[in-house]
Amino acid sequence: MRAKLEACLAGVNQIVLGKEPQVRLALTCLLARGHLLVEDLPGMGKTTLSHALAQILGLEFQRIQFTSDLLPGDILGTSVFDKDSGQFVFHPGPIFAELVLADEINRATPKSQSALLEAMEEGQVTIEGATRPLPEPFFVIATQNPVSSGGTFALPESQLDRFLMRLSLGYPAQAAERALLLGDSRRALLTRLEPLLDHAGLLAIQQAVTEVRVSDALVDYVLRLVEATRTQPQFAWGLSPRASLALLAAARAWAFVDGRDYVIPEDVQAVLPAVVGHRLRERSDPTGHGGGALVNWLLLEVPAL
């Protein structure tokens, strides 16, 4: 399993150049059975990352372009009357893919956003009284532009909390961008990318991640981190129990990718910014994006032992 994951990471890193930490976090998020929010400028490789992960993991891929006129039925599917049979036939929407890219999620209305986020949380959708399970594995990568706010509907805190991780790809280093300019197009490289895992293999890895051992001392460290957010005055609010579960799940997956069957404090610290950064706000500016500074404070001030 470890060798296959290393090969998957290497394959994606050949497509998404110079973003090894972000690629590893994205794979970690998938292995932890979470969902990923990528917040970045247009053209930074968000769609390419999604395509590459789907291709190398052998997952069915669908992209949904979120717009203000998008309806929940456009995401979930709808029933259409079939005159030959005289019955309504359900036509599944793009949410029934295994890896779904929700592009510019903040461009859609809250009603359409909720349709996606409800499916993410429940692992199923209920349409016209019938409950239909989503495929397994099921992984959503949602994107949003942090700069352009015209015509957008910001995700409320309760919906941001549904994402296990939030990350940003950022600008590539000069050497990586030079290789990007001189090499083949990413679209051409994607077509040559061969799947290295199948469904059974990926599900087996996800199950193995849940069996990674966590010591009492490690749990105490997670509890100290969470307690600090609830008691220190600079935090507008504390982390929820869902956040502490997410942190532990991500740390397990990170340790597994690192080749260990036990979690160490460094695993928690590696995933902490991506897992809790979007869940924290500074008391002095609860509507801003002070999560990064608060995460740095946690890393520096909360003892691991």
Side-chain angles (χ1 to χ4, degrees), residues 1-38 45-64 92 94-103 119-120 123-124 133-143 163-165 167 169 184 186-213 246 248-263 267 270-271 274-275:
M1 290 182 182
R2 166 69 174 164
K4 286 187 176 181
L5 288 179
E6 283 292 333
C8 289
L9 287 171
V12 176
N13 285 325
Q14 290 176 357
I15 307 294
V16 185
L17 300 178
K19 299 299 173 188
E20 288 83 1
Q22 292 92 333
V23 169
R24 181 169 173 175
L25 281 169
L27 182 62
T28 298
C29 186
L30 170 58
L31 297 182
R33 289 189 168 97
H35 301 287
L36 177 65
L37 177 64
V38 184
K46 301 184 292 291
T47 302
T48 303
L49 171 63
S50 306
H51 267 290
L53 282 172
Q55 186 79 3
I56 207 158
L57 296 173
L59 301 177
E60 181 190 358
F61 176 81
Q62 285 283 359
R63 178 178 177 270
I64 308 173
I95 194 66
F96 284 89
E98 293 155 335
L99 195 156
V100 178
L101 172 62
D103 213 0
M120 289 164 45
Q124 62 185 24
L134 292 170
E136 196 175 357
F138 177 64
F139 184 44
V140 172
I141 299 179
T143 74
F163 290 96
L164 180 73
M165 291 186 184
L167 58 84
L169 294 177
D184 292 340
R186 301 301 99 181
R187 187 182 300 274
L189 291 175
L190 279 169
T191 61
R192 303 174 203 159
L193 201 58
E194 294 292 332
L196 298 179
L197 276 176
D198 55 17
H199 293 78
L202 182 54
L203 289 173
I205 292 175
Q206 287 182 327
Q207 178 59 37
V209 165
T210 65
E211 298 167 3
V212 172
R213 291 181 288 114
L248 202 56
R252 276 190 163 108
W254 186 271
F256 189 87
V257 174
D258 209 36
R260 282 176 283 103
D261 63 351
Y262 58 92
V263 181
D267 299 323
V271 300
V275 174

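Atom set for the values below is all heavy atoms of this structure, side chains included, hydrogens, waters and symmetry mates excluded.
- Ala246 approaches Leu164 most closely through the heavy-atom pair CB-CD1, 3.2 Å.
- Shortest non-hydrogen contact noted between Thr48 and Arg186 is CG2-CB, 4.2 Å.
- Here CD1 of Ile56 is found 9.5 Å from CG of Leu27. Values are rounded to the nearest 0.5 Å.
- Every pair passing side-chain hydrogen bond (donor to acceptor under 3.5 Å, both in side chains) that includes a residue from residues 49-63 is listed here, sequence neighbours excluded: Arg63-Gln65, Arg63-Asp103.
- In this structure, CG in Leu203 is found 10.5 Å from CG in Leu197, a value given to the nearest 0.5 Å.
- Minimum interatomic distance between Ile64 and Ile95 (heavy atoms only, all atoms of both residues): CD1-N, 4.5 Å.
- Annotation: side chain to side chain donor-acceptor pair (under 3.5 Å) contacts of Glu6 (sequence neighbours excluded): Arg2.
- A distance of 10.5 Å separates CG of Leu202 from NZ of Lys4, quoted to the nearest 0.5 Å.
- Note that CG of Leu101 is 8.0 Å distant from CG of Leu99, once rounded to the nearest 0.5 Å.
- Of all non-hydrogen atoms in Phe139 and Ala26, the two that sit nearest each other are CZ-O, 3.9 Å.
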Worksheet entry | Worked check of side-chain contact (heavy atoms from CB on, under 4.5 Å) between Lys46 and Leu169 | CA-CA 8 Å; Lys46 301 184 292 291; Leu169 294 177; 4.2 Å; yes
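- Judged as a side chain to side chain contact (heavy atoms under 4.5 Å, CB included), and not counting sequence neighbours, the contacts of Ala52 are Val12, Ile15, Leu190, Leu193.
- The CZ atom of Phe138 sits 9.0 Å away from the CZ atom of Phe96 when rounded to the nearest 0.5 Å.
- Under the side chain to side chain contact (heavy atoms under 4.5 Å, CB included) criterion, Pro133 pairs with no residue at all, not counting sequence neighbours.
- Pairs passing the side-chain hydrogen bond (donor to acceptor under 3.5 Å, both in side chains) check and including a residue from residues 191-203, sequence neighbours excluded, read Glu98-His199, Asp184-Arg192.
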Item to complete: Please lay out, stage by stage, how Leu36 and Leu25 fare under the test side-chain contact (heavy atoms from CB on, under 4.5 Å).
Response: CA-CA 9 Å; Leu36 177 65; Leu25 281 169; over 6 Å; no
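- Within the structure, side-chain hydrogen bond (donor to acceptor under 3.5 Å, both in side chains) pairs that include any residue of residues 12-24 comprise Arg24-Asp258 (at least two apart or interchain).
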Discussion item. Does Leu30 form a side-chain contact (heavy atoms from CB on, under 4.5 Å) with Leu53? I'd like the steps, not just the answer.
Written reply: CA-CA 10 Å; Leu30 170 58; Leu53 282 172; 5.6 Å; no
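- Ile141 CD1 to Leu167 CG: the interatomic distance, rounded to the nearest 0.5 Å, is 9.0 Å.
- When every heavy atom of Ala253 is checked against every heavy atom of Leu31, the shortest pair comes out as CB-CB, 4.2 Å.
- Here the shortest heavy-atom pairing between Trp254 and Asp267 reads CD1-OD1, 3.3 Å.
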Discussion item. I'd like to know whether Thr210 forms a side-chain contact (heavy atoms from CB on, under 4.5 Å) with Arg33, so could you lay out the CA-CA distance, the side-chain angles of the two residues, the decisive distance to 0.1 Å, and finally the verdict.
Written reply: CA-CA 10 Å; Thr210 65; Arg33 289 189 168 97; 3.7 Å; yes
